[in-house]
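Inspection log for the structure reproduced underneath, given as structure tokens.
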Amino acid sequence: MSSVNPADHLDELGRRTLRRVRGRLMPLIVLLYFIAYLDRNNVGFAKLTMSEDIGLSASAYGLGAGIFFLGYALLEIPSNGGMYKFGARKWIARILMSWGIFATAMALVNGEVTFYIIRFLLGAAEAGFFPAILFYLTLWFPAAQRVTVLGIFILAQPISNALGAPVSGLLLQMDGIWGLHGWQWLYIIEGIPAILLGLLTPILMTDRPSHAHWLAQDEREWLTKTMDDELAHRTKGQPHHFLAGLKDPRTIAYSALYFGLVCGIYGLGLWMPTIVAALGRFTTTEVGFIVAIPYTIAAVFVYFWGRRSDRTGNRVMHASISMVMAAIGLLAAGYLVQVNAVLAMIALTLAAMGIYSAIAPFLAMPSTALVGAAAAAGLAMVNSLGNLGGFVAPYAVGLLNDATGDNRSGLVFLAACLGITAVATYLYARRRPEGHVKPGTPATVGEEAVAADEFDIKS
């Protein structure tokens, strides 16, 4: 390979290369996460009719919705070990097919016990997907562009909810076709795409820049050298073996902070259809289209906020402000939900904007703090322990709803989680280098680097 200095061609060659990489990789990655998020959250819509059919209380639903994350957390780190051994491309394909099977198997639920078991297995099957994608992105995008790319990836969450909500509402209308309930059709139709994409992923994905024959030679050389230089800069004098990420105290700190953020993400996402349904006498189709509104607005804001975070380099401030915004929205919604439906929806929209815009700048911080193989283990641990919030929050909201008979206490609980996490994130990360990346400086280039060679990524 001939030597190409990335500094010589950064404006023209670098921009052209990264534009081609984004155009090639990001549509598929966003689609994969779109399907993942749809399959883990469609239970919120299924609940609208499934609860009565199989006899689920609010607390039982909350437990089953959240138990997904116990399976997810239990196998997250072992799953990343599999990625480390077999390579991101092959491992992502394996995860897709596994979770697609259990997502469709949700149609077999016939009571509380089967609901708990299959939700747990679905979470176990999907374990490792999110950190595998995060790691995959670090192989292809320099640090200065990382939050913008993460923001595009995170867009799959609100977009999945925005598009999936009306589709899920319509699928519930298939009740009685071939003797199946509408919620069974929902699980079957929305689960099959993961299996199909699992078969296609090994063909459509490329493991690392040096294998990207769809790039021109000068583009491939520029990107490979850029990522290698980032690794060399960042790993000087630092441990970067796999176990180092598990023992690093920063991993524990960011895991705890992510727990609070995840409480908001899934506490709202898994209960939003129920909250909206309580605002008026809506059909399931109408609920679907109404739920899409806050997520559509949130998706636009996520992209704007991620780009702003990259321009300023201030990760901690952007993450903290977003969580405060979400806390205010949830708190307002809690007191407006029984007063004025329109104002309640405005508050829920503010909450969705805050929750989803916090994710990319937040996740950029632990990926900056850890390098090499330590990043694979560390990001897996952050995601694993943090996602336990996906178990705690839905279950807690269900218990509070059963105890009080309304949605207010659950929304106030979620607001408190996000408010506390916002303050804790600011206090912990404000003086740490991973919370502040100076755009365009040599230090920035090495802040979040992880090279394929450190992970023994195989083609």
**Item:** Whether Trp305 and Phe301 hold their rings parallel, tilted or perpendicular, with breakpoints at 30° and 60°
**Value:**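 The rings of Trp305 and Phe301 lie parallel, inter-plane angle below 30°.
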
**Request:** Fit a plane to each ring of Tyr254 and Tyr428, take the angle between them on a 0 to 90° scale, and name the class: parallel (under 30°), tilted (30 to 60°) or perpendicular (over 60°).
**Result:**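 Because their plane-to-plane angle is over 60°, the rings of Tyr254 and Tyr428 count as perpendicular.
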
Which heavy-atom pair separates [X] from [Y] by the least distance, and what is that distance?
X: Tyr61; Y: Gly44; answer: OH-CA, 3.2 Å
X: Gly264; Y: Leu418; answer: CA-CD1, 3.9 Å
X: Ala194; Y: Gly100; answer: CB-CA, 3.6 Å
X: Gly288; Y: Ala165; answer: O-CB, 3.2 Å
X: Glu219; Y: Leu13; answer: CG-CD1, 3.9 Å
X: Leu257; Y: Ala424; answer: CD2-CB, 3.6 Å

[X] versus [Y]: any side-chain heavy-atom pair under 4.5 Å?
X: Leu32; Y: Thr201; result: yes
X: Arg22; Y: Leu18; result: yes
X: Trp214; Y: Val21; result: yes

**Request:** Using the side chain to side chain contact (heavy atoms under 4.5 Å, CB included) rule, take Thr421 and Tyr258 through it: C-alpha gap first, then chi angles, then the decisive distance, then the call.
**Result:** CA-CA 8 Å; Thr421 304; Tyr258 194 46; over 6 Å; no

Check side-chain hydrogen bond (donor to acceptor under 3.5 Å, both in side chains) between [X] and all other residues, then give those that pass, not counting sequence neighbours.
X: Arg19; value: none
X: Trp140; value: none
X: Glu126; value: Arg40

As an exercise, state the distance from [atom1] of [X] to [atom2] of [Y], rounded to the nearest 0.5 Å.
X: Ile252; Y: Leu385; atom1: CD1; atom2: CG; result: 6.0 Å
X: Arg20; Y: Arg220; atom1: CZ; atom2: CZ; result: 10.0 Å
X: Leu223; Y: Lys225; atom1: CG; atom2: NZ; result: 12.5 Å

**Request:** Sort out for me which residue in Leu279, Val337, Asn340 forms a side-chain contact (heavy atoms from CB on, under 4.5 Å) with Met345.
**Result:**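 For Met345, the side-chain contact (heavy atoms from CB on, under 4.5 Å) test succeeds with only one of Leu279, Val337, Asn340, which is Leu279.
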
**Request:** Examine the side chains of Ser409 and Thr404 and answer whether a donor and an acceptor come within less than 3.5 Å of each other.
**Result:**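 Checked: Ser409/Thr404 side chains pair up, N/O donor to acceptor below 3.5 Å.
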
**Message:** Assess the residue pair Ser59 and Asp402 against the criterion (side chain to side chain donor-acceptor pair (under 3.5 Å)); give the C-alpha distance rounded to whole Å, side-chain angles, the decisive distance to 0.1 Å, and a yes or no.
**Reply:** CA-CA 7 Å; Ser59 55; Asp402 272 345; 2.9 Å; yes

**Asked** Quick check: does any side chain N or O of Arg119 sit under 3.5 Å from a backbone N or O of Phe68, one acting as donor and the other as acceptor?
**Response**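 Pair absent, no side-chain N/O of Arg119 close to backbone of Phe68.
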
